[in-house]
Amino acid sequence: MNKFRTHNCGELNKKDNNKKVFLSGWINKKRDHGNLLFIDLRDNYGITQCVIDKSSNFFKELEKIQLESVIKIDGLVVERTKETINNELKTGEIEVKIISFKILGECRELPMPIFSDQEYAEDIRLKYRFLDLRRKKIHENIILRSKVIAFIRSEMLKYGFLEFQTPILTSSSPEGARDFLVPSRLNPGKFYALPQAPQQFKQLIMVAGFDKYFQIAPCFRDEDARADRSPGEFYQLDLEMSFVEQEDVFEVVEKLMVNLFKKFSNKKIKSEKFQKISYEEAMTKYGTDKPDLRNPLIIYDLTNIFTRDDVKFDIFKKLVKSGSKVRAIITKNTKDKARSFFDTIDKWAKEEGASGLAYFTFEKDNKISAKGPIGKFFSEDSLKEIMKITEAEIGDSIFLACGKDGEVEKITSLARDKIANQLNLINENEFAFCWIVDYPMFEKDLISKKIKFSHNPFSMPQGDYNKIDFNKPLNIKAYQYDIVCNGVELSSGAIRNHIPELMYKLFSIAGYEKKHVDQKFSGMINALSYGAPPHGGIAPGIDRIVMLLANEKNIREVTMFPMNQNAQDLMMEAPSEVDLEQLKELNLSIVKKK
RNA sequence: GGGGGUGUAGCUCAGUUGGUUAGAGCGAUCGCCUGUCACGCGAUAGGUCGCGGGUUCGAGUCCCGUCACUCCCGCCA
């Protein structure tokens with residue numbers, strides 16, 4: 001028998017009546033009646049009420065003990081009387097009468113209460129993460145994360161995938177995010193980089209003939225944080241398969257996601273066969289390539305309406321003449337909404353940096369008219385045309401945004417979410433997955449006007465190699481896809497380009513010479529010329545999946561030891577300065593910033 | 001790098017138009033209480049109002065600067 005406990009704090013019930021037990025755990029809560037003291041003892045498994053009265057020699061000492069101290073209790077299980085049963089607790093049928101106790105770990109005054117649902121300032125939570133993690137909600141989130149990862153692992157093995165580790169110290173890659181660098185002691189002046197993803201390695205694993213690979217892979221990118229993006233590091237379910245087409249990857253991932261989300265959530269999956277939306281369609285209909293499909297609102301293009309002579313809304317007409325686009329969102333049956341509903345949204349849009357959202361409502365007396373500040377600028381014919389394009393009906397309202405290509409999408413996409421939230425159109429008890437497919441291979445940089453890879457330079461372009469028109473690179477689509485759930489981008493993947501010649505060609509379009517490609521991607525380009533199988537894969541983000549399952553808006557709520565927004569670990573005090581000796585060994589010196 | 005929000009007791013917050021000695025709940029300390037499960041009751045301690053400067057007879061409150069945390073934009077093949 002273990003000297004600390006015979007049972008944990010979540011397992012005793014009335015079947016154990018009269019048993020002598022040892023329990024060890026944290027003092028979650030005390031209720032002191034002066035001559036009678038209740039102690040809620042907590043561990044990972046639950047809470048057990050322990051009780052002692054003044055007849056005991058230990059009474060005075062226990063009365064004084066701090067919350068969150070760790071103690072061992074030697075006691076007797078006693079069935080509670082009917083009136084005192086607590087149905088909120090798994091162990092609520094019994095309590096443990098304390099015979100004696102021992103302090104195992106004393107606790108000093110707490111910087112934050114553990115037993116509370118209150119929210120606390122982030123810096124205190126992060127500095128005392130070990131205390132924060134004792135709290136119920138986050139404790140459960142972290143356990144969920146563990147279970148999710150275990151489940152994914154067993155599913156992937158079931159599907160015939162093999163798990164491999166890939167290096168953490170690797171080489172810097174020119175594409176993508178900023179790298180974290182690690183100086184090399186043995187190679188002065190040279191640096192390793194932490195992998196942004198095991199991209200090249202997983203392709204090499206395919207070239208090596210392992211057929212199906214996966215890994216719960218840490219990825220490191222030195223980019224600024226967001227609520228759903230940790231600075232520094234995050235985890236992906238990295239997977240890659242040989243001799244596959246896009247559909248084969250989809251099949252595996254859909255199966256995994258459906259099984260995973262069904263197992264760990266009670267929310268409904270909107271469609272178990274995930275809808276496929278082309279990048280182009282997503283951008284016009286939703287204004288984003290990560291649409292929330294729980295949101296029924298759709299964006300319509302009304303640019304042509306503003307070239308008509310019977311539309312007099314000059315502000316938009318002028319902008320359209322100079323190349324701007326007009327996009328619209330229809331809200332059903334909102335004719336009776338208060339003026340403030342519309343103005344709030346207009347005001348919000350202005351705060352978002354747009355020029356606001358124009359709006360009116362379709363009405364009909366003798367003829368169709370538009371009610372609202374800009375209603376008078378539209379003829380009946382033009383209104384009919386708008387209603388035809390947008391499938392709007394009398395009583396519906398329309399929000400209009402005008403802006404340059406690439407900018408108008410941004411505001412309409414945000415407006416789509418905002419309006420749906422205001423009207424309560426989002427079903428919170430649903431997961432709506434979709435695939436975004438047919439990404440363009442290249443895009444034009446808005447500032448430098450240069451052609452660059454729009455996503456992943458290793459993706460396979462669509463179409464027959466001999467028939468691709470490389471003179472019109474912006475028309476080339478790639479076998480590149482994203483999976484999106486409830487507006488959260490879970491991952492992107494691609495069928496890879498395994499033909500070196502084609503790779504050189506694509507890189508040259510993006511402005512990289514053959515020499516440069518050979519140098520920067522030597523490992524891979526070399527490998528591809530020794531008999532590479534066609535292959536493809538994807539890498540769903542583990543943290544974001546757990547966020548969705550735990551119903552959390554912030555990635556730190558599902559991360560055990562996250563860094564703050566400035567990429568500092570407040571508990572470990574990282575990053576930190578290092579000894580001069582260490583720097584010298586690495587041939588580094590610090591340039592002091594003025 | 002830019003924009004927004006927040007910063008008052010150990011924790012969560014209130015603090016009116018600038019006006020006397022800055023408050024509450026939880027926690028802490030002390031006392032009372034034998035059936036609570038957010039136990040109850042009473043008392044005590046606890047404050048550089050983030051920091052610096054300014055306006056004013058007078059600043060937690062107004063102005064300028066600065067720092068920290070956070071959300072967003074940029075960035076994230």
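Convention: sequence-line order gives letters A, B, ...; per-chain numbering from 1.
Comparing the C1' positions of rU61(B) and rG2(B) gives a spacing of 29 Å, expressed to the nearest Å. Annotation: rU21(B) and rC49(B) have their C1' atoms spaced 15 Å apart (nearest Å). Spacing of C1' atoms, rA68(B) relative to rA28(B), comes out at 27 Å, to the nearest Å. Taking atom C1' in both rC37(B) and rG52(B), one finds a spacing of 50 Å when rounded to whole Å. For the P atoms, the distance linking rA9(B) with rA22(B) amounts to 14 Å, nearest Å. Comparing rU16(B) with rG23(B), their C1' atoms sit 14 Å apart, to the nearest whole Å. Between rC63(B) and rC72(B), the distance separating the two P atoms is 27 Å to the nearest Å. Taking the P atom of each, rC69(B) and rU12(B) are spaced 16 Å apart, rounded to whole Å.
Residue E122(A) is in sugar-phosphate contact alone, with no base atom involved, counting any heavy-atom pair closer than 4.0 Å across all strands shown. Residue contacts shown for K553(A) are absent, as no nucleic acid heavy atom lies under 4.0 Å away. No engagement by K54(A) is indicated, since no non-hydrogen atom pair under 4.0 Å with the nucleic acid exists. Across all strands shown, Q565(A) has heavy atoms under 4.0 Å from base atoms, whether or not it also approaches the sugar-phosphate. If you check every strand for non-hydrogen atoms under 4.0 Å, D228(A) touches nothing.
Comparing atom distances between the Q66(A) side chain and each of rC76(B), rG27(B), rU29(B) picks out rU29(B) as nearest. The side chain of L36(A) lies closest to rG35(B) when the candidates are rC11(B), rG35(B), rC71(B). Minimum atom distance to the side chain of D224(A) is reached by rG1(B), of the listed rC69(B), rC76(B), rG1(B). Ranking rC76(B), rU12(B), rU70(B) by closeness to the Y120(A) side chain, first place goes to rU12(B). With rG35(B), rU70(B), rG27(B) as the choices, the nucleotide that has an atom nearest any side-chain atom of N564(A) turns out to be rU70(B). The Q568(A) side chain lies nearest to rC69(B) when the options are rC37(B), rC69(B), rA28(B). The R226(A) side chain lies nearest to rC73(B) when the options are rG35(B), rC73(B), rC71(B). Which of rG35(B), rU70(B), rC75(B) sits closest to the side chain of R556(A) comes down to rU70(B).
Salt bridge status for K515(A) with D518(A): absent, with no side-chain N to carboxylate O gap under 4.0 Å. Note on E63(A) versus K60(A): salt bridge recorded, some NZ/NE/NH1/NH2 to OD/OE distance being below 4.0 Å.
A heavy-atom distance below 4.5 Å is found between the side chains of R556(A) and E122(A).
Counting to the nearest Å, the C1' atom of rU36(B) and the CD1 atom of I85(A) are 15 Å from each other. Distance, L67(A) CG to rC11(B) P: 17 Å, rounded to whole Å.
Residue P198(A) forms a side chain to side chain contact (heavy atoms under 4.5 Å, CB included) with just one option from D238(A), I205(A), I168(A), and that option is D238(A).
Across all strands shown, rC69(B) pairs with rG5(B); the Watson-Crick or G-U wobble distances both stay below 3.5 Å. Using N1 to N3 plus N6-O4 or O6-N4 for Watson-Crick, or N1-O2 and O6-N3 for G-U wobble, each under 3.5 Å, rA24(B) pairs with rU12(B). Using Watson-Crick or G-U wobble geometry with both donor-acceptor distances under 3.5 Å, rC30(B) finds its partner in rG42(B).
Within 3.5 Å, no donor on the side chain of R125(A) pairs with an acceptor on the base of rC69(B), nor the reverse.
In this pair, H33(A) does not lay its aromatic ring on the base of rC33(B); centres under 5.5 Å and planes under 30 degrees do not both hold.
Each of E119(A) and S55(A) was matched to the nucleotide of RNA chain B holding its nearest heavy atom; the match closer to the 5' end belongs to E119(A). Judged by closest nucleotide on RNA chain B, V51(A) is the one of F453(A) and V51(A) placed further toward the 5' end.
Within the structure, a side-chain polar atom (N or O) of R31(A) is placed less than 4.0 Å from OP1 or OP2 of rC39(B).
Cation-pi geometry between K505(A) and F470(A) is met: the NZ or CZ atom falls under 6.0 Å from the ring centre, inside 45° of the normal. Relative to the ring axis of Y504(A), K514(A) places its NZ or CZ within 45° and under 6.0 Å from the centre.
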